[in-house]
Each structure stands twice: as C-alpha cells, then as structure tokens.
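Below is one structure; the comments refer to it alone.
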Amino acid sequence: MSIELRQISKRFGDVLAVDDVSFTVAEGELVALLGPSGGGKTTVLRMIAGLEMPGGGDLLIRGQRVNDVPVQQRNIGFVFQGYALFRTMDVFSNIAFGLSIRKWSKSDIAARVEELVGIFGLEGLERRLPHQLSGGQRQRVAIARALASKPGVLLLDEPFAAVDAKIRQELREWLVRLHHELSVTTVFVTHDQEEAMEVANRIVIFSRGRLEQIGTPREVYEQPVNEFVARFIGVMNVLELKVQDGAARLGELSFPVHGAVDGQTLRIGFRPYAVKVSPLPREYPCRALLKHVFFLGVMLRIELETPDGLVIRARISKEDFARLNLVEDQPVSFYIREYRVLGGDGAFTGQSSAIVPPGFGEGI
Amino acid sequence: MAGTIRRKITPGDVRSQRGTEESVWVRWLLIGAGGVVASVFLILPLVNVFWQAFSKGGAAYLSAISHPDTWAAIKLTLLVAVVTVPLNSVFGVAAAWCIAKFEFPGKALLTTLIDLPFSVSPVVAGLMFVVLFGLQGYWGRWLQDHNLRVIFSATGITLATVFITFPFVARELIPVMKANGSDQEQAALTLGASGWQTFWRVTLPNIKWGLLYGVILCNARAMGEFGAVSVVSGHITGRTDTLPLRVDKLYNEYNGAAAFAVASLLALLALVTLGLKTALEWRTAALQDRAQAVGSDADKSEADNHPSNAT
C-alpha cells in the first residue's frame, strides 16, 4: 500500500516537531526513517498510524486522504518500541486480539494464529505470558500481533532497540526475509544508520523535524545532499582550509578547486576509505604520524596527525594493515583519492575530484 | 502472649552477627516491646470485643443481633455500601484514568481535590451537607417544597459516605495506571479496538488487583464511617441508624453486651477486610517476584547493548 506525505507538519507546544515533510513510500517497499533522537521521525510514524494528528498538510494512503480517518480504520499494523504486549494475555490472546475485535469466528482465529505462530517460530509458546518470553520472542509476538489481520502497512518504532546486539543482527536479517516473503509495505524508525543501511530499500533522513534526504542506502552514502547527511551516514573527515593558488591547502595537503578566490575559506569533506596510506614517508605527497589504531573486525580505523596538527581518519582492511606492517606512532605518508567541497550553508556544491600524485597509480 | 519469642540464643547466632545489625539483646528487646504494644493496643481490645459480646451468653448475643432495630441498622449499612462502593469505584477509575494518562490544565487541582476528604474532619464533612441540604440550609426550602428529604435520611447518609470514601479507589489506581503507561491502550487502538473495548479488555485487566484493593478499603470505610454519618443521620432508631451509630447508641444506653454484640459484626468485617487485603498483597508480591525474575535477564541484555550502540 502506498503512503504519501504532502507538506506534513506537527507542532507540540512551541516545538515544531515535524516541519513541511513530503515523501512517498511505494507499495511493497521497506523504508527506514532515520535521524538523531528528537529528529521527528517517530512523530511521522505515529502520524501515518493515526496516533498523532498532523498539524498541517495531507496524508494519503493508497491515494485516499486519511487525515481524519481514526487509527482503528487505517488498516495498519504498529509495533511499539517496548512492544506493548498485553501483560495479562498469553501469546495466543495477544496475537488473536485484533481478530476477535474484528469479530472473526473462533475457528478462523485459531487457524490464523496457528499460521502466524508457525511463520514466527513461536510454537509451544502460545500459553506463555509476555513476561515469560525473551526479548526476541516478545518482538516476534508484537510483529505477529500487528500482522494478524493482514494490514496494508506495517509500521515499526525502533524495532531493534530493546534487544541485545547479537539478537539484533539476527532480527535484522529476519525482518528483511519476512518483508521479502510477505511484501507488506513497511516503514520503520531507527537512529542507527548501520541498521537503516542494512535493512531498508530506501532511507528517509530527518534532522530537527526536517527531511534532509531520501534515497537508497547507496545514494545517501555516495551522494549525500549536505554535510549533515554526510556526517550522519558513516564517518566523514571535514577540514576547514584557506584557498591559495587555486587549491585549498594547509602544509602539504592540497585540494584543487575551481572558481575559488584566494584567501577564501572552504570546507573539504572526504570519507575515511578515500585516504590511502603508506608506511614509506616519501611514497605519497603528505606526511603524518600514525596516532591511533581501532580494530573494528574486518576493517580498521586509523587516525593520522599531520605536522600542522590536523587529525585525519582513515579506513584500512585487516589484510592491508598486516601487509603494510603499520604500528602506532610511526611516520607514514598519505593522499586523498576523492573529496568534496562543502558549501557554506552545509549543502554540497557537487564538486568532486581526486588527487592522484604524479607517478603513482591507484591502490597501495 | 503473642509477642513472646521462644528461641534459644546459641553462640552461633553471635558469630553470624553482621556489622550493621544491632546486638542480640537490643533486637529481642525491640521486638518484645513491639509485641507488647501490639498486644495491648490491638489484639487485646479486639479479643475483648468478642469477649464482652458473649459475656451474657450466646442467646443474649443472638437476640441483640436479631433485634429489629439492629436489623434495620444492618440493612441501612448494607444499602449505603451497595450504593457508595460502585459509585466511588466508577469515579475512582475515571479520575485515575484522567490523572494518569492525560495532561490537562487543572490536573494538579483535581489531584488535590481527590485528597480533600482525607484532610477534612468527617464531622466537618457532615456539617457541610447539613449546611447545603438542612432545613435552614441553602437548598433546604426547595427540597422541602418538593417533598424531598436528604438530611435525617438514607440519602444524606449515603451522600456523606460517598464524600468520605471518595479517595480510596482513585488513590490506589493512580500509581498503578501511571506505571502501566498508555502503550498497551495505543496498541489496542491500532489493532482496531474502540475506546470501550480497550478499556474492558486491556485497561481493566491490568488494574484489576489495584481496583479490588481500593474497593475493599472503600467498603470497609463505607460500613464503618461514624463522624460524618452521625451529623447527617439524626439518629432515628430503626430508620437512620447505621451499624456504628447503633453501637454508639446501645453503649450510651448502658446496654454494653448488646453494643459489643453489634460491634463484633463490624470487627468481623474488619478482620475479613484485613484477610482479603493481605491475600491481595501476597498475590501482588508474588506477581512482582515473577516479573522481576524474568526482568533481570532483560536488564542484563540491555547492559550488553550499550557498547554496540556507540559504534
């Protein structure tokens, strides 16, 4: 079921929680609403559900304006952050709740619950009360309950926040598979960019009530529309440098730019993966000291400090790290393959180029 | 005596003593003192009520209780309770719902108003009703013209009792409802339930033990209230005497055995109430223990969460 928001806004007292937000979710999509807490993403989700009324704008589900349609009639399934399972009811009654409200027959309810129990791997837990379940089981009951009456839209508020790291990973994969099988239009809220990147077809990024960007995980990572998105999705180095002779520079660092005036200050952004490092102090044009190494599993993050005191974060694979024989406090050289000039208002100018030192090819 | 503890103090007890504990002698002294006070002020009087009630034999006890005026008092007391308890249960649930689940202007005032009957002396509360509904009161004339009687009637007694027992249910439910939050209600709404369905199927089952507790306390007070009822009743024997008023009247008529016989009924009610209350508390504690046993696992995994959130 398609969802469309047209210039939706919402005010809580003096706070403009959602400010002129428009976007569309296509039938069968899996979309993440991503942003820091207080960004307005949960409010947007609750407005789609009908738990909050929009202050302005139009909300359409399958082309029908639903601003005034009460929550009961919107045909949505909602999974709450803390799951909000009915404390006094067992798993069966929790899942059956919406069906018995809709006056399904006893045998139909039993059949549907049995089907869901099978899909969600809850066999044998039907008579357990919510407090007798693990976090992951509770979440599956909550999703099963939300999907019981076959809603057109599934909405999840921070679905993975309340379970521990290992189960969270399993649940993400499981949600992707579930969405693949049921192909129900799904919108979920998260503050974890990694989670959004991994699970969603498309990501809607919010900050302070405003929509910053909407796009596929790849688009928002590779073509962030502004500095906020660039910094929020993954890690970004941002340097503030003065222009001299057609390039923003400091010491040995130099970023050629077009149409910049000498003496102007520019903000240069580049991803850690764009930094190439060599243990030979003369191999690449810029020299630095390797200050810190952080092990992240397959990848490592290293921090370089230039003679001018700039700190540059780089990413390097475990194999390269071992091959280059890098150690902390060692002098190294580096160059930056790819960078962007950040506009004064935080928006990208779109300019992107690479510094390839003369005489050197790609890679290390 | 009930407070006496028969246990030998062995050297092992002294060794097991921890730094934060009082010495054995101080402990026994304090426990003994507590036991003596409880016996003298609580248990002895209660036993005495039954002792006095039966002082002239079982036949006298039965005849005192089956006296028509006592029967009238029992019936009136039951009538008052039957009207008051449901009324205040409904009011208490509604008020607790408003206060626990919504933000609105005047919420603090409403919360204070609920406590008013606890802070006003019952006699003053009774007088308030006399001022309003008495013959010399504001609405007295109008009521008399329409042949309605509030003061010196079951109506006035019920009104006064409703006022006095106003807070019991609401006070019990507000913390329970606040702790539950409104997530489950919202979940019910998203599943298609109407407001009423949500209340009957989700809210009420969640608060039933707290509600029952409040109802028991409310009932005990409704049957036992003296001060406010005494002011508005007019003490018409056989017509406007409730059980506590009947006890008072018999006692003042130097009919001690009959007074205690009727009092024993109220004492019995108190014992039953206490028993129910204790049973409920045990049940609630057991439920909490179970919830905690499961909850501690969840806490552990929450703690595991944090480092991964930071990446």
Side-chain angles (χ1 to χ4, degrees), chain A residues 46 49-51 70-89 93-103 128-136 138 142 145-146 148-149 151 155 157 160-169 191-192 194 294 296-297 301, chain B residues 101-105 176-212 283-284 286-311:
Chain A
R46 289 172 63 87
L51 292 169
V71 48
Q72 292 94 338
Q73 288 160 30
R74 287 202 189 178
N75 193 26
I76 49 100
F78 198 102
V79 178
F80 289 80
Q81 185 170 359
Y83 311 140
L85 295 178
F86 304 128
R87 210 159 52 97
T88 54
M89 298 182 205
S93 308
N94 263 285
I95 298 174
F97 186 87
L99 306 177
S100 74
I101 290 286
R102 287 181 171 81
K103 305 253 185 300
R128 293 257 188 106
L129 288 170
H131 70 77
Q132 297 165 322
L133 301 173
S134 73
R138 274 180 231 178
R145 183 179 70 177
S149 60
L155 306 171
D157 187 5
F160 309 111
V163 289
D164 64 62
K166 192 161 165 287
I167 296 175
R168 200 167 356 164
Q169 185 57 40
H191 62 270
D192 182 343
E194 213 177 288
F294 303 93
L296 308 174
R301 193 167 82 216
Chain B
K101 314 243 169 177
F102 299 99
E103 290 300 326
F104 54 90
V176 177
M177 283 188 162
K178 275 194 174 152
N180 280 342
S182 42
D183 271 9
Q184 290 175 54
E185 277 83 4
Q186 291 188 356
L189 295 181
T190 65
L191 293 166
S194 68
W196 269 115
Q197 286 172 320
T198 304
F199 176 76
W200 285 109
R201 301 179 61 160
V202 177
T203 310
L204 203 57
N206 273 342
I207 61 168
K208 66 180 170 201
W209 296 112
L211 179 61
L212 198 56
R283 206 198 139 81
T284 315
L287 283 177
Q288 270 168 1
D289 280 353
R290 258 166 48 193
Q292 265 162 13
V294 176
S296 59
D297 277 349
D299 289 345
K300 202 172 136 278
S301 58
E302 294 285 338
D304 291 343
N305 251 348
H306 290 297
S308 62
N309 268 344
T311 55

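In what follows, every chain begins at residue 1, and chains take the letters A, B, ... in the order their sequences are listed.
- Of the atoms belonging to Arg301(A), not a single heavy atom falls under 4.5 Å from chain B.
- Of the two parts of Gln197(B), only the side chain, counted from C-beta on, holds a non-hydrogen atom closer than 4.5 Å to a non-hydrogen atom of chain A.
- Between the Lys101(B) side chain and the Gly181(B) main chain, a donor and an acceptor come within less than 3.5 Å of each other.
- Using modelled atom types, one side-chain atom of Asn94(A) and one backbone atom of Met89(A) make a donor-acceptor pair closer than 3.5 Å.
- Taking Ser100(A), Ser134(A), Pro70(A), Ala142(A) one by one and counting their heavy-atom pairs under 4.5 Å with chain B, the maximum is reached by Ser100(A).
- With a 4.5 angstrom heavy-atom cutoff, Ile76(A) touches chain B via backbone and side-chain atoms both.
- The side-chain tip of Arg201(B) does not point at the ring of Phe86(A) from less than 6.0 angstrom away and within 45° of straight on.
- The cationic group of Arg168(A) does not satisfy the cation-pi geometry with Phe160(A), failing either the under 6.0 Å distance to the six-membered ring centre or the 45° limit from the ring axis.
- Of the possible donor and acceptor atoms, none in the side chain of Gln72(A) sits under 3.5 Å from a partner among the backbone N and O of Thr190(B).
- Of the residues listed (Phe80(A), Tyr83(A), Phe78(A)), the one engaging Asp157(A) in a side chain to side chain contact (heavy atoms under 4.5 Å, CB included) is Phe78(A), and it is the only one.
- In this structure, chain B has a heavy atom under 4.5 Å from the backbone of Leu85(A), while its side chain stays farther away.
- Heavy atoms closer than 4.5 Å to chain B are found in both the backbone and the side chain of Thr88(A).
- Looking at Arg102(A), the atoms closer than 4.5 Å to chain B (heavy atoms on both sides) all sit in the side chain, from C-beta outward.
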